Each structure stands twice: as structure tokens, then as C-alpha cells.
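Quantities reported herein were computed from a predicted structural model and do not represent experimental measurements. Protein chains get the first letters and strands the later ones, always in sequence-line order, with residue 1 at the start of each.
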Number of protein chains: 2
Amino acid sequence: MDPHLLRTFVTVADCGSFSAAAERLGYTQSAVSQHIATLESDLGTPLLRRRPVVPTPAGERLLEHAGPILLRLDAARADVRRTVADPPSTLTLAASPLAARSLATALAEVRRTYPGTETSLTVCGRDQVVAGVAAGTFTLGLVDGIATPTDPLNLTNAVQLRTTSVAHDTLVVALPTTHPLARPGRRLSLGDLADARWIDAPDLAAPLATLRAAAGSNALRPAFTYNGTDLHTLLTLIGSGHGLAVLPRSALTPDVAAVPLTTPRLVHRTELLHGHLSDPTAEAVATALSDHE
Amino acid sequence: MDPHLLRTFVTVADCGSFSAAAERLGYTQSAVSQHIATLESDLGTPLLRRRPVVPTPAGERLLEHAGPILLRLDAARADVRRTVADPPSTLTLAASPLAARSLATALAEVRRTYPGTETSLTVCGRDQVVAGVAAGTFTLGLVDGIATPTDPLNLTNAVQLRTTSVAHDTLVVALPTTHPLARPGRRLSLGDLADARWIDAPDLAAPLATLRAAAGSNALRPAFTYNGTDLHTLLTLIGSGHGLAVLPRSALTPDVAAVPLTTPRLVHRTELLHGHLSDPTAEAVATALSDHE
DNA sequence: ATGGCCGATCAGAGATACTGATACACGTGG
DNA sequence: CCACGTGTATCAGTATCTCTGATCGGCCAT
């Protein structure tokens, strides 16, 4: 199970095509076909059904493992490189959209201590933050998400990365101000909202899939899916009645109503992610953020 | 970073010798030397200091990743095989010593439902249980350990394995009955015991390293190390005054005294580990165990 | 029916990964 | 301090592997 073969397999499964995967990987279609054949004969079972190209059950099992394995290999390489290379001159940060907001004050503090620091901040999806920090593309990452009050975030791929909790906030249901449930003092449980019109904004707010898992319910169907990272757009959508979403209280503006979410008991949490820190500047940011709790 | 190279690297680091690793792996010394050279030139840094053979800091980083990566590769292979192969006729179980005790009643129940089931039980160290279940050597594993009351066990290598809590018990300090602290109604915190004579039995009782981490203390030095899995021997050692150890209450016999451990707040927990279960018998054991909570 | 698309297969060239032999370096014991 | 022995590095050669490019064959859409 050569990592090259795994990478090819993942790419083929992702593309749904041998030829497309070949192009993306810079191989010939022939090579890709041989890669998959090698894997299949090694494991003794078909991994993909052809035409159309779909993973078999065995292929699905392998896919579950292949991604994390490849990520971990990158993380290993990055970790080794970090112990050798001298610390980078620019501080490379990544954050998921709602986590980025915790950064400004902490960064200001660091700027005072290390005035010459060049900084780069990338806002992207949670998985990309985790993958990027693991692979060494980013020095530090900030990821937000929901969790039970006592548990840390469940960052499946974050093995071998250090995490520190940097902030938490209560979760609220964001509603149009005119919504009948938007009365002051009102509290809600997810059960009350099983049949509501939901906006699923998985890169920005609490993903509906996560809420379903936490509620143990199979309801909560999205009426509207927002694939974007812009908070203002989401709030506008909510405000104009396209649906509701679960957000940390501090993310809301006055033009949408916030009703605290009581059950299941969940909080919004922001965590700092990093590998081994040899860079004093990065370490300063890390401690500045942790202290700000 | 071919897995073969990683395996060689791990073996060399473990043996402390190229030639010994070569023999263990069935290669020539020349091949091993070339493997390491390839890895080092790929990563652009020395990984081992030679003569004596010791990992460099970069090598240590890589070692931290290499083991889990290789384990995960095995787990992937095992997971794929499981979806293809028909369920094994004998139920292969593994358990850490103190976890094995939860098995008997559950197994009896299964024997009633599936009378023809052949069973094999291996008792071994916690890590070996986790590795064996991941690699598919065992169908089910039971691991015990200590954790805070709300958290699950911290099974670092158990990625992609399902875990279910099957039992918990209060932790007590086991002392000779004649010990001055062994008064009825007495309660203890780890801080009180910083300077006590400890028996470290990492494969059997709560490892001192774990207790140190939980207490946040650097005290707790072992006066006696017991590398073994036999509970009776450990209790005898404790009873005859060689030192004390932290154990689940239910493990003790009347010839040693038990004083509840109050701080840090920890419990003894037993968890069931398994991959994807296709085997109905294994599933029966799994549910029988979970229900027994 | 037929053309286009896509995956499988095949043969051959280049790269790789071993072995066995040998050179070299370090730590040790005299 | 030198010589020896143990243990790693290097080298050359061969067997194997892994690509490419060409070709075949099957399925679907027109």
C-alpha cells in the first residue's frame, strides 16, 4: 500500500474518473489504471466499480483510512522540516471564518512585542485549516465548532497536533426579528425546531449534520444551503426569512434575533491548533491567544 | 516516505543498530543503510546519529509519526479485508489484564445464544490490544485505564476504531492493612502521597506516568517497578509493604487496604474497542458487554 | 449502426531496489 | 597511542518494478 497508490485511489474516487485523475496527478491514464489494479490485487478485492467509477464497500473502507494516512504523512514531513528549518520570517495563520474574529486583539499584542513581524492570514474551511496546519502550510490555526461544555472540539484529523481552547461562547438560534419564536426570554431546544426551515451553512455556522448528531435526531433538514464563509450574507439570509441557523451569540448583529439554545447543551468553542512550535513569534501568538480566554 | 522505509527506520531506532534491524527485517545491512540514506536525503536532514545509533531531534519527530502511520496502514488493510472475508469462525478477543475481568459474564451470555462459538482470549498490554484490534488480529478488545469522570479513555492510537464504555469503578489507593493511612473512612489525594513508596505497574495498575500527568505533579517516583500482568503478585507486593498503587476498587482482595482517591477526580474505566463489525457473534458480545454497564 | 469516450492491456525503456563485495570509521582494549 | 574488531557506507551489478505510448475493447449516446 504505497502512499502513491493511495493518493491515486483517493483522487480517482474524488474525480469519479481514471482519466481525470491521471490528468490531475500528472500521470498517464495507463499508470492510473495500473495503480488501481495493483492496489486491488494487493488487497485481494475490487475497490472501484467502473463505468461509472464508484467505490465498492471495500473501497469505501479504504477511503476512510487513506485521507488521514496521507495527511499524517504530510504532517510527519512538515514536523521534521520544522525541527530543521529556521523559523519562517512571516507568521502564517489560518482560521475558520468565525474563529478569525478572536485573532485581531491577540495579534495586536504580538505586534507590540515583535514589531517587525510580517503576517499572513488565510480564512478557509475547518478541514482545510486542520489539514494546512498538519501539513505545515500554516504555523498556527484557529478552528471554531460546537461541542458539549466539557469536551474539546472533535477534530478528527488533528492527530499529533496540539490544541488549546482559546474562547467559548453560548450558542443561539438566529431568527428574523419578526419570527414568532423571537420573544425576549424565550429559550429553545433543537427538538422544538425539528420542522423549522433551516439554513445549512456548514463552513460558517454549526453544520446541520453536527447538530443532528448532537440531538440524536434525524430531523433538521436544510431548506437552504449556503456554501460560503461570509457572515454578513448569512445574517441577511436569516433576517429576510430564508431560514434559521445556530450561531455563537457574539456573531450576531442587532438585525437578527437570538434565542438561546438550551438542549442539547452545547457551546461554541474556538481552539488553537499547532505542531511543535520552535518559532518564538508563533509561540507568542499562541500564548497571547490562550491567555485571552 | 515509503512505508517500507519508515518501517526500517522504526526498526533501526528500536534495535539501535543497522545490522540487527537488517536481520530482523530479512534484509541485508546494505539495504537498511540505503533505506535510511534515502529517507534522510528525502527529508533533507540526518535522522540518526551513528555509532551509537541514536535518533536526532528530527528523527525523534519522525518516530512519533511513523508508528501510528504504520499502524493505520495495517488498520486500513484489516478493515478492507473484513468487508470481504466471511466472518471468522472463532471469536478472537484481547483484553488488558484488569479489563479481562469484565468479560466472563458477558461471554457466558453469548455462549447461551451462540452455543457453537469457539473463543480465544489474549491478555496483553493496553497498547498491544489497541494495535491488535486495529490490525485485525483481534475482533474485539477490552482496554482499561483511568480517566476523568466525564471523558472517555485517551486511546491515542485508536483512531478509526469504535469505542464503547463498558464499565467504570472508583479508584482507590491500595495499601498494606497495617499502613498508618489505612484507616476506615480515610480519603486521599495524590498530593498527600507525593513522597510515598510507589509501585509502578504500568501494564496492570494506573501507570505512574498517567497519574503524574493527571495530578500535574512531578513527584510520584516509583520505588519499585513491576513489569507484569498478574494482579495477585501485585497485591502481594503491596500487602507486604513494598509500596502502594492505584487500582480500581473491585480489583482488591481483603488482604490489602483500600483508601478512596478523591483528588484528582479520576475513575477507572473499561472500554470496548472494535473495527467495523460484520460478525453477528462479535456484535452480540459487543452489545452484551455494553448492556452490562 | 456508429462514433466518441473511457478503461484495460501490452511491450518496452528507464528508474529502482535489492544483494554481495569491499572500503572506511569509530570505539575499545592492549 | 596504535591496532583490531565491529559496524556502517559505498559501489557495481542484476532483477524487478513503474512508468509511457500504442492499442484494444466495451458501453453509451446520437
Side-chain angles (χ1 to χ4, degrees), chain A residues 1-60 62-63 66 69-70 73 76-77 80 84, chain B residues 1-60 62-63 66 69-70 73 76-77 80 84:
Chain A
M1 293 213 307
D2 190 312
H4 290 125
L5 303 186
L6 288 181
R7 194 172 64 115
T8 305
F9 175 64
V10 171
T11 311
V12 170
D14 185 44
C15 295
S17 150
F18 283 50
S19 337
E23 182 151 3
R24 198 197 292 181
L25 295 170
Y27 286 130
T28 57
Q29 174 267 320
S30 171
V32 169
S33 184
Q34 290 175 47
H35 278 185
I36 303 298
T38 306
L39 259 185
E40 292 184 327
S41 90
D42 176 22
L43 294 172
T45 177
L47 297 168
L48 296 167
R49 242 181 288 281
R50 324 294 155 100
R51 211 183 296 264
V53 173
V54 184
T56 61
E60 308 241 354
L62 185 59
L63 272 179
I69 288 171
L70 294 173
L73 279 165
R77 160 166 273 115
V80 169
V84 180
Chain B
M1 293 215 305
D2 188 312
H4 290 125
L5 303 186
L6 288 181
R7 194 171 63 113
T8 304
F9 175 64
V10 172
T11 311
V12 170
D14 185 44
C15 294
S17 149
F18 283 50
S19 338
E23 181 152 2
R24 199 197 291 182
L25 295 170
Y27 287 130
T28 57
Q29 175 269 319
S30 170
V32 169
S33 184
Q34 288 174 48
H35 278 185
I36 303 298
T38 307
L39 259 184
E40 291 184 327
S41 92
D42 176 22
L43 294 172
T45 177
L47 297 169
L48 295 168
R49 241 182 288 283
R50 324 295 156 101
R51 211 185 285 267
V53 173
V54 182
T56 62
E60 307 241 354
L62 185 59
L63 271 179
I69 288 171
L70 294 173
L73 280 165
R77 161 166 272 116
V80 169
V84 180

J.: Is the closest side-chain donor-acceptor distance between A/Ser30 and A/Gln34 under 3.5 Å?
T.: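 Yes, a side-chain donor-acceptor pair sits under 3.5 Å.
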J.: Does the protein touch nucleotides 14-29 of chain C at the base, only the backbone, or not at all? Give it as B, S and - per nucleotide, heavy atoms under 4.0 Å.
T.: ----BBB----BBS--
J.: Rounded to whole angstrom units, what separation is found between the CG atom of A/Asp42 and the P atom of D/dC17?
T.: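 For the pair A/Asp42 CG and D/dC17 P, the rounded distance is 13 Å.
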J.: Please report the distance, rounded to the nearest Å, between CZ in B/Arg49 and P in D/dT8.
T.: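 Value for this atom pair: 16 Å.
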J.: Answer yes or no: are there more than 12 heavy-atom neighbours, outside B/Gln29 itself, under 6.0 Å from its atom CD?
T.: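 Yes.
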J.: Please state how far atom CD in A/Glu23 lies from atom P in C/dG7, giving the value in whole angstrom units.
T.: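 Whole-Å distance recorded here is 12 Å.
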J.: So, does A/Ser19 get its side chain near the phosphate of C/dG7, meaning an N or O under 4.0 Å from OP1 or OP2?
T.: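 Looking at the OP1 and OP2 atoms of C/dG7, one of them is under 4.0 Å from a side-chain N or O of A/Ser19.
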J.: Start with the C-alpha gap between A/Arg50 and A/Ile36, add the side-chain angles, then the distance that decides, and say whether side-chain contact (heavy atoms from CB on, under 4.5 Å) holds.
T.: CA-CA 11 Å; A/Arg50 324 294 155 100; A/Ile36 303 298; 3.9 Å; yes
J.: Between the side chain of B/Thr45 and the main-chain N/O of A/Val84, is any donor-acceptor distance below 3.5 Å?
T.: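 Flag not set: sc B/Thr45 to bb A/Val84 has no pair under 3.5 Å.
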J.: Distance check needed: C/dG7 C1' versus A/Leu39 CG, whole Å only.
T.: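 Answer to the nearest Å: 16 Å.
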J.: Counting the atoms with a prime plus P, OP1 and OP2 as sugar-phosphate, which does B/Val32 contact under 4.0 Å by heavy atoms, base, sugar-phosphate, or nothing?
T.: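 No contact.
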J.: Write down the distance between CD (B/Glu40) and C1' (D/dT8), rounded to a whole number of angstrom.
T.: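 B/Glu40 atom CD is separated from D/dT8 atom C1' by 12 Å.
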J.: For B/Leu63 and B/Leu47, run side-chain contact (heavy atoms from CB on, under 4.5 Å): C-alpha distance rounded to whole Å, both residues' side-chain angles, the deciding distance at 0.1 Å, then the answer.
T.: CA-CA 9 Å; B/Leu63 271 179; B/Leu47 297 169; over 6 Å; no
J.: Between A/Met1 and A/Leu43, does a side-chain contact (heavy atoms from CB on, under 4.5 Å) hold up when you go through it step by step?
T.: CA-CA 9 Å; A/Met1 293 213 307; A/Leu43 294 172; 4.0 Å; yes
